[in-house]
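Numbered from 1 within each chain, the chains take letters A, B, ... in sequence-line order. Here the structure is a predicted model, which is why all the values come from computation and not from measurement.
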2 protein chains.
Amino acid sequence: MVKQERALRTRRAVLEAAAHVIGSRGYQAATMAEITQRAGVTKGAVYFHFTSKTALARAVVTEQIAPFLPQASDSRLQDAIDFTHQVALALRSDPLLQAGTRIAVETTFSEDPLMPYQAWTDIITTMFTEARANGELLSAVVPERAAEFFVAAYMGVQLFSRAASDRADLPHRVTALWKHTLPGLASPGVLSHLDPQGRRVKLAV
Amino acid sequence: MVKQERALRTRRAVLEAAAHVIGSRGYQAATMAEITQRAGVTKGAVYFHFTSKTALARAVVTEQIAPFLPQASDSRLQDAIDFTHQVALALRSDPLLQAGTRIAVETTFSEDPLMPYQAWTDIITTMFTEARANGELLSAVVPERAAEFFVAAYMGVQLFSRAASDRADLPHRVTALWKHTLPGLASPGVLSHLDPQGRRVKLAV
């Protein structure tokens, strides 16, 4: 049990070191050697958890989402809105999420992209599919296609905000994203009850 | 006159060499030396046109849009749709446009981002502002905010398509982008007359 705990702590240290190195140098330039050194663990310990830089990158990209998943409420569209606002707030300070974005974008241009958008698309597809079952969606909307569109747009909004304001205006841009897309997603009766700013995340401005 | 022509040809050769080198190595790893060598010109000739890698990058990012600007028709919203489809088609094969995207994305994470989205935002803002004057927009839409949202979303859709299909599905994803956003942009009477696939660019599928 203690052994397992230590293994988890090592794994976490490697992920955090990877986030730091990738965040400062970019994914292509980051090396396993530097990540190992920064994590303060042995090379064997790193490779026990991650067999390659790609495996490590995949973990950084996919494992950081779980803490932000909301419990299902009576509106899955509102849950999706809230979820994206929670992530937006965290993105401003969480090195792991920030590194995940950078990996996603850099591997987009490689021969074998990690397809980093998949985990996000799966989550949003599930939410939209449940929203459909609740009668929240317009009849023309196909949940999986809408989710792919939304995840792509969200990625673009994140990058725009990073370039424009180092992410300071990200919550506002996520609100604008929902304001512009909800009329094409939500059935009219539902639309007026949704809060594009998110329920639990009121902007402190 | 002949001298000026030669200068323009040199400038073009440098831009194309830059696109090739950046396309294969990425922006951070590309060097002025390699670009100069590939262009087959002297170092002095390169620096006559571009005083730094940043200046060269700025030219690659901003100057490739002009050929795709449509003439104004009676629907500026449809013009915007057509414009984005023309760019999408060209993105699948034009090294300069592809390098522009890569520079945009990589400099997003630098201390001093090029703010590469600005030229696109200006173009779309103009189109949306004229669409407003034509009565094509919903009253709640603010042209400049809508343009910023749209440009960000378009960037994300491009990246998603690059990762998912090496841009093969980009025209379809641009159509989906418009289908999802037009209900939040266009006034109802206009909406039914717009073709989200673009007028001059029918998909050959």
Side-chain angles (χ1 to χ4, degrees), chain A residues 22-29 98 101-102 104-118 120-121 138 140-142 145-146 148-166 169 172-186 191, chain B residues 22-29 98 101-102 104-118 120-121 138 140-142 145-146 148-166 169 172-186 191:
Chain A
I22 291 164
S24 56
R25 293 204 194 294
Y27 174 64
Q28 305 296 352
Q98 291 174 357
T101 298
R102 191 150 183 185
V105 163
E106 284 193 45
T107 62
T108 292
F109 296 97
S110 68
E111 286 310 300
D112 185 22
L114 281 174
M115 201 41 219
Y117 312 88
Q118 196 55 56
W120 298 87
T121 305
L138 289 168
V141 173
V142 180
R145 294 289 90 70
E148 288 184 351
F149 152 71
F150 186 86
V151 168
Y154 189 81
M155 169 64 86
V157 165
Q158 249 201 72
L159 293 175
F160 195 113
S161 171
R162 172 66 180 81
S165 72
D166 199 10
D169 65 11
H172 289 287
R173 292 193 187 276
V174 171
T175 299
L177 166 59
W178 282 111
K179 279 188 180 163
H180 282 100
T181 53
L182 282 173
L185 287 174
L191 187 56
Chain B
I22 291 165
S24 56
R25 294 203 193 294
Y27 174 63
Q28 306 297 351
Q98 291 173 359
T101 298
R102 192 151 181 184
V105 163
E106 285 193 43
T107 62
T108 293
F109 296 97
S110 68
E111 285 310 300
D112 185 22
L114 281 174
M115 200 40 219
Y117 312 88
Q118 196 56 55
W120 299 87
T121 305
L138 289 168
V141 173
V142 180
R145 294 288 89 71
E148 289 184 351
F149 152 70
F150 186 86
V151 168
Y154 190 80
M155 169 64 86
V157 165
Q158 248 201 71
L159 294 175
F160 195 113
S161 172
R162 173 66 181 81
S165 72
D166 198 10
D169 65 12
H172 289 287
R173 292 194 187 276
V174 171
T175 298
L177 167 59
W178 282 111
K179 279 187 180 162
H180 281 101
T181 53
L182 283 173
L185 286 175
L191 186 55

Give, as side chain, backbone, both or neither, the part of [X] having an atom under 4.5 angstrom from any heavy atom of chain A.
{"X": "B/L185", "value": "side chain"}
{"X": "B/P183", "value": "both"}
{"X": "B/T107", "value": "neither"}
{"X": "B/A29", "value": "neither"}
{"X": "B/R173", "value": "side chain"}

Residue A/T121 versus chain B: region with a heavy atom under 4.5 Å: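 For A/T121, the contact with chain B is made by the side chain alone.
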Heavy-atom pairs under 4.5 Å with chain A: which of [options] has the most?
{"options": "B/Q158, B/Q118, B/R102", "value": "B/R102"}
{"options": "B/T101, B/L182, B/L138, B/L177", "value": "B/L177"}
{"options": "B/A146, B/S161, B/A104, B/A176", "value": "B/A146"}
{"options": "B/E106, B/E148, B/Q28", "value": "B/E148"}

For the interface with chain B, which of A/A152, A/G23, A/G184, A/A164 has the highest count of heavy-atom pairs at distances below 4.5 Å?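 The option with the most such pairs is A/A152.
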Write down the atom of B/T108, the atom of A/A163, and the distance for their closest heavy-atom approach. CG2-N, 4.1 Å
Pairwise side-chain contact, B/L159 with A/L159, heavy-atom cut-off 4.5 Å (strictly under):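 Side chain of B/L159 against side chain of A/L159, heavy atoms only: contact under 4.5 Å found.
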Pairs in or reaching into residues 177-186 of chain A: which pass salt bridge (charged side-chain N to carboxylate O under 4.0 Å, His left out), with residues at least two apart or in two chains?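 Every candidate salt bridge (charged side-chain N to carboxylate O under 4.0 Å, His left out) pair involving residues 177-186 of chain A fails, so no pair, neighbours aside, qualifies.
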Distance in Å, B/R145 CZ paired with A/H180 NE2, rounded so as to fall on 0.5 Å steps: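 So the CZ of B/R145 and the NE2 of A/H180 are separated by 9.5 Å.
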